[in-house]
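Only one structure is covered here, and it is reproduced in the block below.
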Amino acid sequence: RKVEAHPDWKAKVVYGDTDSLFVLLDGRTRDEAFRIGKEIADEITRISPAPVKLKMEKVYHPCMLVTKKRYVGYAYEDPKQSTPIFDAKGIETVRRDSCPAVAKIMEKSLRMLYETNNLTEIKQYLQRQWRRILSGHVSVQDFVFAKEVRLGSYSAQTIPPAAIVASKAMAADPRAEPRYGERVPFVVVHAPPGARLVDMVV
């Protein structure tokens with residue numbers, strides 16, 4: 001309320017949790033965003049009980065807020081910084097449960113969007129990538145998932161793919177049992193329509 005009520009800032013809080021805020025400063029320059037961000041941090045620090053201190057952390061320009069704790073943007077930590085940092089939290093480019101192909105293609109698409117704002121160019125890039133995948137001109141390494149396995153903690157109906165692969169390996173060699181919480185790599189292979197995931201992971 002304090003941030004949005006200030007007449008000079010013309011700010012809109014688009015996300016906030018216990019200790020942080022994302023503030024939209026529509027139509028402002030990066031320099032203005034840094035100045036207003038510092039003013040907001042100073043003012044909230046002033047009215048808060050000691051030792052609470054707010055810090056103006058960074059300016060995202062541009063930025064996408066997907067959901068809580070999931071966002072991506074070009075980050076600037078200093079007004080004099082000329083080259084932004086690609087900063088992603090909680091999305092497929094940084095999540096460990098995604099395969100490298102998804103992470104690489106998504107990051108490249110986002111960078112193209114931020115730098116060119118050209119959806120036609122992004123569409124052409126994606127179509128090229130999908131043609132390469134469909135024609136087999138890719139490394140299988142880009143399609144390997146690796147997920148933690150905790151054998152003994154799943155019900156019969158909810159065995160995840162990595163645990164299925166670990167169980168298959170143990171059936172062939174009991175010494176292949178993974179440690180509790182170990183990441184087990186697997187790929188999903190082609191199967192006829194209606195095939196179960198359990199039959200498609202190796």
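We're numbering straight along the sequence, starting at 1. None of these values were measured; they are calculated from a predicted model.
A salt bridge between K104 and D142 is present, with a side-chain N of the basic residue lying under 4.0 Å from a carboxylate O of the acidic one. Salt bridge R70/E92: present, at least one basic N to carboxylate O contact under 4.0 Å. A salt bridge does not link R46 to D42: none of the charged side-chain nitrogens sits closer than 4.0 Å to a carboxylate oxygen.
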Stepwise side chain to side chain contact (heavy atoms under 4.5 Å, CB included) test for R95 and V102: CA-CA 10 Å; R95 287 175 64 96; V102 170; over 6 Å; no
Side chain to side chain contact (heavy atoms under 4.5 Å, CB included) evaluation trace for L113 with T116: CA-CA 6 Å; L113 177 65; T116 69; over 6 Å; no
Working for side chain to side chain contact (heavy atoms under 4.5 Å, CB included), residues V72 and F86: CA-CA 8 Å; V72 58; F86 182 84; 3.6 Å; yes
Y114/M64 under side chain to side chain contact (heavy atoms under 4.5 Å, CB included): CA gap, chis, key distance, verdict: CA-CA 10 Å; Y114 291 162; M64 285 182 205; 3.8 Å; yes
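Contact check for R183 versus R96: side-chain heavy atoms found under the 4.5 Å cut-off. Using a 4.5 Å cut-off on side-chain heavy atoms (C-beta onward), M200 and P161 make no contact. Under the 4.5 Å side-chain criterion, counting only non-hydrogen atoms from C-beta, T120 is not in contact with I122. For the pair S20 and D17, the minimum side-chain heavy-atom distance is below 4.5 Å. Looking at K58 and D87, their side chains come closer than 4.5 Å, going by heavy atoms from C-beta outward.
Atoms CD and CD, from E39 and E32 in turn, are 10.5 Å apart once rounded to the nearest 0.5 Å. In this structure, N117 CG and L119 CG are separated by 7.0 Å, a value rounded to the nearest 0.5 Å. We find the CG-CD1 distance between D31 and I36 to be 11.0 Å, quoted to the nearest 0.5 Å. L126 CG to R131 CZ: the interatomic distance, rounded to the nearest 0.5 Å, is 10.5 Å. Here the straight-line distance linking atom OG1 of T83 with atom OH of Y74 works out to 10.0 Å at 0.5 Å rounding. Taking CD1 of I105 as the reference point, atom CD of E107 lies at 12.0 Å (rounded to 0.5 Å).
Here the closest heavy-atom approach between residue Y15 and residue K69 is recorded as OH-N, 4.0 Å. Scanning both residues, A103 and S98, for their nearest heavy atoms gives N-OG, 4.1 Å. Between A41 and T45, the shortest heavy-atom distance links the atoms O-OG1, 2.7 Å. Closest heavy-atom contact between V144 and C99: O-CB, 3.7 Å. Summarising the geometry of S153 relative to R150, their closest heavy-atom pair is OG-O, 2.6 Å, with the distance given to 0.1 Å.
Under a 3.5 Å cut-off, the side chain of R132 and the backbone N or O of V138 do not form any donor-acceptor pair. In this structure a side-chain-to-backbone donor-acceptor pair under 3.5 Å is missing from Q141 to P100. Proximity of a side-chain donor or acceptor of R30 to a complementary backbone N or O of Y76 within less than 3.5 Å is not detected. Under the 3.5 Å distance criterion, the side-chain polar atoms of E4 are matched with a main-chain donor or acceptor of V13. One N or O on the side chain of K168 and one on the backbone of V201 form a donor-acceptor pair closer than 3.5 Å. Without hydrogens or angle criteria, R28 side chain to W9 main chain gives a donor-acceptor distance under 3.5 Å.
Cluster membership for Y154 and V184, using ILVMFWY side-chain heavy atoms within less than 4.5 angstrom, is shared. Under the 4.5 Å side-chain heavy-atom criterion for Ile, Leu, Val, Met, Phe, Trp and Tyr, I44 and V14 are members of distinct hydrophobic clusters. At a threshold of 4.5 Å between side-chain heavy atoms, the hydrophobic network of Ile, Leu, Val, Met, Phe, Trp and Tyr places I47 and M56 in two separate groups. Both V149 and F145 belong to a single network of hydrophobic side chains, linked directly or stepwise wherever heavy atoms of I, L, V, M, F, W or Y lie under 4.5 Å apart. Both I133 and M106 are assigned to one and the same hydrophobic cluster, defined by single-linkage of ILVMFWY side chains at heavy-atom distances under 4.5 Å.
Ring to ring, Y71 and F22 are close: their centroids are under 6.0 angstrom apart.
Heavy atoms from other residues, nucleotides or ligands lying under 6.0 Å from CG of D26 number 12 at most.
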